[in-house]
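Both ligands and their constituent atoms are indexed starting at 1 by order of listing.
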Amino acid sequence: MRVLGIETSCDETGVAVYDRDAGLLAQALYSQVDLHREYGGVVPELASRDHVRRLTPLIRKVLSDSATTPAELDGVAYTSGPGLAGALLVGAGTARSLAWGWGVPALGVHHMEGHLLAPLLEADGPDFPFVALLVSGGHTMLLEATNVGEYRLLGESVDDAAGEAFDKAAKMMDLGYPGGPAIAAQARAGDPGHFRFPRPMTDRPGLDFSFSGLKTYCKNTLRDCGGDAATDQDRANIACAFEEAVVDTLVIKCRRAMKETGANRLVVAGGVSANKVLRQRLDEAMDKQQVGVYYPALEYCTDNGAMIAYAGALRLAAGEHEALPIRIRARWPLAELRAPGDRATG
Ligand code: KG4
Ligand code: ZN
């Protein structure tokens, strides 16, 4: 089974062709970061319009790179939520039209299931069951995954997502957009002992997260350093304290989740899973608990078409497909998903 996958939920246009026998055949990504940079964040209407411009050429390129003709495709998978409604509609409309024209089934994929399954694209990917830490710009959650589509929510952020906190803290310090890589780069020049930020919600039981207080901590510390007059070293020290606090909090909650579930595999995915300090600290902590940690390849941590093609192929192979109405969901709890083939089509 060969599937074209399309991702347009936010500010990345991603397209890929995945073959269940031969693996990932081609993928291409167009990132809109330059377009949104001057606004310090994603502008939804600009995102939708740019997806319209980029999507068709990317589809042509990926079909050509994978030497795939439409007749060789068995389905088209696209992100149908959660995400920006206008951006989702561009991918959904294009995918559904192509599938209709080519006479193959189409399937809407949950964006976070795409992230969660991305480590399975690797040759040494994890088997089920596992615990998953999903850390992206829109979501931070811990889940127990017993199989594809069988996800139990263990905890989630009660306010900002981890990536969102990175983005907001970076904006505050004029470090640029997207904030995660900007803070990480700045933090390298920082002194980890200079400031210490709190590890929110780690002093009480439970697996929920809260990151919005760290943003306030950044703001106040920056003000104490003179605000706009803060030096580059001040900013690096704040970035370092911020990154340490987010990473440490995530590690503490993962340790707790592994103990509570008794699982011995941890999957970490979503944009923030590209963070090197997070990877290093999690590897060290999980090694002590005899837990194996699995990440996607760096290029599949942030949004991409490969994870959507992969998740779509799994579900299309189980006979799932959409009925005629085109539906997208800006909000969509991951725990509502069912095993492949187990949901009413459409
Ligand atoms: O998964 P993703 O591409 O999009 C969403 O589904 O939200 O995640 C994007 C988020 C952004 O908030 C970005 O700042 C963050 O991932 N991110 C990072 C790193 N690379 C991307 N955060 C921390 N460290 C990084 N190296
Ligand atoms: Zn994402």
query = Which option, Asp167, Val42, Leu298, Asn304, owns the non-hydrogen atom nearest atom 13 (C) of ligand 1?
reply =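 It is Asp167 that holds the nearest heavy atom.
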key: Option nearest atom 21 (C) of ligand 1 (shortest heavy-atom distance, choices Gly271, Gly180, Ser273)   =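 It is Gly271 that holds the nearest heavy atom.
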Side-chain donor-acceptor pair present, [X], [Y], cut-off under 3.5 Å:
X	Y	value
Ser212	Asp160	no
Glu113	Tyr151	yes
Asp127	Tyr294	no
Glu144	Thr261	no

Within-cut-off N or O pair, [X] and ligand 1, under 3.5 Å:
X	value
Pro178	no
His115	yes
Gly163	yes
Gly138	yes

Residue His139, metal the Zn ion (ligand 2), N/O/S under 2.8 Å = no
inquiry  = For a distance under 2.8 Å, tell me if His111 has an N/O/S atom near the Zn ion (ligand 2).
reply    =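 An N, O or S atom of His111 is closer than 2.8 Å to the Zn ion (ligand 2), so yes.
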task = Decide yes or no for Lys219 and Leu222: does some side-chain heavy atom of the first lie under 4.5 Å from some side-chain heavy atom of the second?
result =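 No, side chains not in contact.
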Which residue and heavy atom of the protein sit nearest [atom], plus the separation:
atom	value
atom 2 (P) of ligand 1	Asp303 OD1, 3.3 Å
atom 24 (N) of ligand 1	Asn275 ND2, 3.0 Å
atom 10 (C) of ligand 1	Gly137 N, 3.5 Å

request  = Check if His111 has a non-hydrogen atom at a distance under 4.0 Å from any atom of ligand 1.
outcome  =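 Yes, that is the case, since the closest heavy atom of the residue is under 4.0 Å from the ligand.
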inquiry  = Quick check: of its N, O or S atoms, which one does Asp303 have closest to the Zn ion (ligand 2)?
reply    = OD1
request  = Name the orientation class of the two ring planes belonging to Phe211 and Phe209 (parallel below 30°, tilted from 30 to 60°, perpendicular beyond 60°).
outcome  =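 Parallel, since the angle between the ring planes stays under 30°.
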key: Ring center gap for Tyr217 and Phe242 short of 6.0 angstrom   = no
ask   = Within 45° of the ring axis of Tyr30 and under 6.0 Å from its six-membered ring centre, is that where the NZ or CZ of Arg54 lies?
value = yes
Approximate separation, where rounding is to 0.5 Å, of Met141 CE and Ser136 OG = 7.0 Å
